[in-house]
2 protein chains.
Amino acid sequence: MITNKNCIIRLSRYKNALYRLQALGFVKVFSDNLADAVGVTASQVRKDFSIFGISGNKKGGYQIDLLLEKLNSILGKDQLQKVIVIGAGHIGSALMRYRGFEKEGIKIIAGFDIDPAKINRSNVIPVLPLDEAKGFIKAQGIKIAILAVPDIAAQEVSEEISAAGIKGILNFAPLRLKDIEGCVINNVNLEIELENLIYFVNVAQKLK
Amino acid sequence: MITNKNCIIRLSRYKNALYRLQALGFVKVFSDNLADAVGVTASQVRKDFSIFGISGNKKGGYQIDLLLEKLNSILGKDQLQKVIVIGAGHIGSALMRYRGFEKEGIKIIAGFDIDPAKINRSNVIPVLPLDEAKGFIKAQGIKIAILAVPDIAAQEVSEEISAAGIKGILNFAPLRLKDIEGCVINNVNLEIELENLIYFVNVAQKLK
DNA sequence: ATCATATTGTTCCGTTTTTCACAATAACAT
DNA sequence: ATGTTATTGTGAAAAACGGAACAATATGAT
Ligand SMILES: NC(=O)c1ccc[n+]([C@@H]2O[C@H](COP(=O)([O-])OP(=O)(O)OC[C@H]3O[C@@H](n4cnc5c(N)ncnc54)[C@H](O)[C@@H]3O)[C@@H](O)[C@H]2O)c1
Ligand SMILES: NC(=O)c1ccc[n+]([C@@H]2O[C@H](COP(=O)([O-])OP(=O)(O)OC[C@H]3O[C@@H](n4cnc5c(N)ncnc54)[C@H](O)[C@@H]3O)[C@@H](O)[C@H]2O)c1
């Protein structure tokens, strides 16, 4: 069982690069083309594929459509993924308005908020009261939630929604949620991303 | 020279945990306290500190204020970091409205957009026309930019701003910008983050 | 002053991840 | 048919990383 996050991220990048190549009219691809497109070594590409039992053709490379099928299957893209957003504030509503997830087979189908002023049932993507979240998650079988509530609320809300059936949380609040049994938590911590960038910029400056 | 991104991210987390501990009244901390707070091993904490020549006191742990000074210095937090946002759309304006960066010493001082309708010079954080970006970057000595433009524009804009003096870009467009000499590029790819989360949720389900 | 104890700092070791290298082989050329 | 070539697939080597262990030592107790 593969637990290497970077490896899975590479698979996503391969997939994206393959769609671009396909759009350019390519039908097959070699490991080094793909490597260039994604910014890794050709060995890495072949090794990643090997891990998942993906094989190409000696001297013929990989047939893009077949490769995409396999990658999409590994990445769980065979079926539309329904996602909800908790917290329809600045970041939550930016995400809800974003169309880019749909071409990836990811659909935000509702938002939830504790503030009555944010509720809007008639919107394409409705914003519902938080206390309806539990029922909604169960009724619709939602597995994935994007958490965009203030940091003080994040821990409590994450426990509530996972109790209701959420199995994966993408957390934007800048704190470490404590582990929840049966729920995967990935964090998007933009403060830390910026801090990290600043560090590497400073290091690069000092090198010169 | 440290090139381990995870290590630097841990430093940020240590720093954040230390501020919380300090707020709770603690004056000193042991490697295992900090380890618990951040979710790593105590060895890892000491190793990270050792790499940067940070030392504590045998039997006395680390004095929080001194430790924070050193971490802040490593992370370049001695001085306010001025940042600009390119693309004042959904995500760009969510970021510009966010107050959370300031407590981290990161200040978004302007946004830039190509769309005249987005321009707003009188705002606290003004949104200016893109063609003023170059002059602004030079005049203010800006090093860091957040790139929140549509993917088709991202490559061109990134080259422009780095030519104007930007040394680090936090890119939200879901594509790989080609390497730019003298400019560090970090990506926040939310499509991939979600895809990744979905993969690990699926894997966890299959395990059971 | 001596001893016991707690905690660091660092070395060593195991694991994970990446890269290297090349044998296997399918496709193509002659 | 045979040979040549390009590219895969993988096993082995190297590098990076993280964790365990423990010697060094400062602190506090007696
Ligand atoms: N906006 C950004 O650019 C940005 C950047 C980095 C991190 N973040 C983080 O993302 C999170 C959201 O930020 P934001 O700027 O969108 O904040 P915001 O205040 O605009 O939105 C938060 C929303 O959550 C709602 N909310 C509060 N408690 C809730 C609860 N218990 N259940 C459901 N909804 C609840 C609020 O009513 C509000 O609509 C915060 O944790 C913030 O630190 C935001
Ligand atoms: N909104 C989201 O939740 C979200 C999520 C994931 C990724 N993204 C990515 O972030 C980027 C921005 O997304 P968004 O939703 O904010 O889009 P948006 O269309 O709301 O905003 C983009 C802004 O960039 C401006 N712009 C266009 N070309 C420009 C140029 N050359 N120079 C300066 N400004 C320019 C536009 O006028 C617009 O204001 C996109 O690449 C998108 O794929 C957004």
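Bear in mind that the values here come from a model prediction, so they are computed numbers and not experimental data. What's counted below: heavy atoms across the whole structure, side chains too, no hydrogens, waters or symmetry copies. Numbered from 1 within each chain, the chains take letters A, B, ... in sequence-line order.
- The shortest distance between the side-chain N/O atoms of A:Tyr62 and the OP1/OP2 oxygens of C:dA26 is not below 4.0 Å.
- Comparing B:Lys28 and B:Ser43, the nucleotide of DNA chain D nearest to each residue sits closer to the 5' end for B:Ser43.
- Salt-bridge formation is detected for the pair A:Lys5/B:Glu193: a Lys NZ or Arg NE/NH1/NH2 atom is positioned less than 4.0 Å from an Asp or Glu carboxylate oxygen.
- Contact between the side-chain N/O atoms of A:Asn57 and the OP1/OP2 oxygens of D:dT8 is not found at any separation under 4.0 Å.
- The listed nucleotides are D:dG18, D:dT8, C:dT18; the one nearest the side chain of A:Lys58 is D:dT8.
- The pair A:Glu104-A:Lys15 counts as a salt bridge, with a side-chain nitrogen and a carboxylate oxygen less than 4.0 angstrom apart.
- Closest approach to the B:Lys47 side chain among C:dT18, D:dT7, C:dT11 is made by C:dT11 (side chain taken as heavy atoms from C-beta onward).
- Put simply, the side chain of A:Lys59 and the base of D:dT5 share a donor and an acceptor less than 3.5 Å apart.
- Which of C:dA26, C:dT18, C:dG9 sits closest to the side chain of B:Ser55 comes down to C:dG9.
- Of the inter-residue distances, the one linking A:Phe136 atom CZ with A:Phe112 atom CZ reads 5.0 Å to the nearest 0.5 angstrom.
- In terms of position along DNA chain C, the nucleotide closest to A:Thr41 lies nearer the 5' end than the nucleotide closest to the other residue of the pair A:Gly60 and A:Thr41.
- Checking C:dT10, D:dG18, D:dT27 against every side-chain atom of B:Arg46, the shortest atom distance belongs to C:dT10.
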